[in-house]
Amino acid sequence: MAGLFDKQADLYLDSRPAYPKEWYSKLADLTPHHSLAWDVGTGNGQAAIGVAEHYKQVIGTDVSESQLQRAMPHPLVRYAHTPLTMTDDELIALIGGESSLDLVTVAQAVHWFDLPKFYSLVSRLLKPGGVLAVWCYNHIEVCPEFDPIVKRLEDTSLPYYHRNIQYVFDGYKTLPFPFQSAGFGCEGSPLALDIPKKLSFEGFLKMVRSWSAVNTAKEQGVDLLPEKLVKEFEVAWGGTKLVRSVSYKAFMLAGKVKV
């Protein structure tokens with residue numbers, strides 16, 4: 001799935017919600033040490049910077065160079081491009097060696113990964129007691145008039161997503177996660193979370209335009225967001241100048257290597 005978000009990297013940067021700070025502090029409480037963390041699929045570095053508030057060094061990696069070019073700098077975060085041609089041993093050496101990590105985080109991305117390969121890497125890289133945490137969000141709640149229109153667009157978009165998107169629509173309930181629960185959900189039963197955000201109508205449109213399905217459909221000559229639908233959204237929103245309090249419905253799994 002490399003390059004899936006390259007073309008809409010700017011939209012992705014501008015439109016996505018910030019993850020609550022308390023998530024990072026709660027995850028940090030789970031690990032006995034706080035020396036080194038790895039944020040995988042880091043994108044613009046949002047999660048890496050949140051993790052850096054609690055760890056001495058964070059490595060943020062991504063297969064997308066265009067995403068990394070927009071990553072936010074931070075003195076404790078080192079960004080690295082990890083092309084799919086990189087071997088497991090090369091990646092482990094880049095990160096810091098086996099049993100070097102206290103925390104691994106994956107925000108809005110693990111469903112795109114080769115999961116057996118990734119989980120094997122994590123098991124080699126985590127220290128005893130280290131934690132892997134993965135999270136995502138799949139829906140936005142605005143108001144009763146607006147939400148059914150979003151659901152209709154999601155249903156229309158589904159054929160243009162990669163099949164792995166089903167993990168997201170399932171709220172990670174079907175995502176394989178062969179790790180011992182650390183108290184933040186477990187395989188088959190993720191922890192449900194909310195991400196509150198103040199959102200403008202233009203911000204909502206940017207979010208939708210950053211969907212990989214919208215861009216894939218466009219490349220195939222299909223406009224999933226025609227002007228008629230935009231107008232329908234605008235009326236249900238309450239006008240283009242209104243800023244709403246919305247909630248992104250999120251879910252998390254956190255675990256340790258089974259012994």
Side-chain angles (χ1 to χ4, degrees), residues 1 19-20 22-43 45-63 76-80 82 84 86-137 164 167-168 170-193 250-259:
M1 262 67 77
Y19 307 118
E22 58 265 27
W23 290 12
Y24 303 113
S25 59
K26 288 178 179 179
L27 289 173
D29 288 342
L30 297 176
T31 65
H33 306 287
H34 300 88
S35 298
L36 182 62
W38 178 27
D39 185 50
V40 196
T42 196
Q46 179 189 148
I49 289 173
V51 171
E53 297 299 313
H54 304 277
Y55 292 80
K56 293 178 181 178
Q57 185 182 11
V58 179
I59 300 170
T61 65
D62 207 295
V63 298
L76 300 182
V77 179
R78 173 169 62 90
Y79 295 109
T82 50
L84 294 178
M86 183 175 285
T87 68
D88 288 358
D89 287 342
E90 287 172 338
L91 182 56
I92 288 171
L94 172 72
I95 299 302
E98 295 193 4
S99 301
S100 62
L101 294 174
D102 301 301
L103 177 69
V104 178
T105 55
V106 190
Q108 206 73 13
V110 77
H111 46 276
W112 304 125
F113 294 178
D114 177 337
L115 292 175
K117 175 183 174 71
F118 174 64
Y119 289 154
S120 175
L121 278 170
V122 169
S123 297
R124 292 173 64 184
L125 282 161
L126 281 177
K127 295 176 183 176
V131 169
L132 166 65
V134 302
W135 65 85
C136 197
Y137 56 85
N164 286 27
Y167 289 136
V168 178
D170 290 342
Y172 278 7
K173 291 177 183 176
T174 57
L175 182 81
F177 194 73
F179 294 87
Q180 179 181 334
S181 176
F184 284 64
C186 60
E187 186 176 56
S189 184
L191 177 68
L193 297 162
F251 34 91
M252 180 183 289
L253 289 162
K256 302 181 180 184
V257 177
K258 291 180 179 179
V259 293

Which distance, rounded to the nearest 0.5 Å, do you find between the OG1 of Thr87 and the CD of Glu90? 3.5 Å
Between CG on residue Leu30 and CG on residue Leu132, distance to nearest 0.5 Å: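 The CG atom of Leu30 sits 11.5 Å away from the CG atom of Leu132.
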Partners meeting side chain to side chain donor-acceptor pair (under 3.5 Å) with Asp62 (sequence neighbours left out):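 Residues passing side chain to side chain donor-acceptor pair (under 3.5 Å) with Asp62: none at all.
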Excluding sequence neighbours, so at least two apart, what forms side chain to side chain donor-acceptor pair (under 3.5 Å) with Ser35? none
Determine whether a donor-acceptor pair (N or O, by modelled atom type, separation under 3.5 Å) exists between the side chain of Tyr172 and the backbone of Val134. no
Is a side-chain N or O of Ser120 found less than 3.5 angstrom from the main chain of Pro116, in a donor-acceptor match? no
What's the shortest heavy-atom distance between [X] and [Y], and which atoms?
X	Y	value
Val168	Phe251	O-CZ, 3.6 Å
Ala254	Val131	CB-CG1, 4.2 Å
Pro190	Leu253	CA-CD2, 3.7 Å
Leu27	Ala133	CD2-CB, 3.7 Å
Lys256	Gly129	CE-O, 3.7 Å

Side-chain heavy-atom pair [X], [Y] within 4.5 angstrom cut-off:
X	Y	value
Val58	Leu76	no
Leu115	Tyr167	yes
Trp135	Thr105	yes
Val63	Trp112	no
Leu121	Phe113	no
Leu94	Thr82	yes
Leu101	Ile59	no

Run the side-chain donor-acceptor check on residues 178-189: report pairs under 3.5 Å with partners two or more places apart or on a different chain.
from, atom 1, to, atom 2, distance (Å)
Ser181, OG, Gly183, N, 3.1
Ser181, OG, Gly185, O, 3.0
Glu187, OE2, Phe177, N, 2.7

Set of salt bridge (charged side-chain N to carboxylate O under 4.0 Å, His left out) partners for Asp88, sequence neighbours left out: Lys117
Distance-only check: which donor-acceptor pairs under 3.5 Å involve side-chain atoms of residues 45-57, not counting sequence neighbours?
from, atom 1, to, atom 2, distance (Å)
Gln46, OE1, Tyr19, N, 3.0
Gln46, NE2, Pro17, O, 3.4
Tyr55, OH, Thr31, OG1, 2.7

Please list all pairs passing the salt bridge (charged side-chain N to carboxylate O under 4.0 Å, His left out) test where one or both residues lie in residues 95-112, with sequence neighbours left out. Glu98-Arg124, Asp102-Lys127
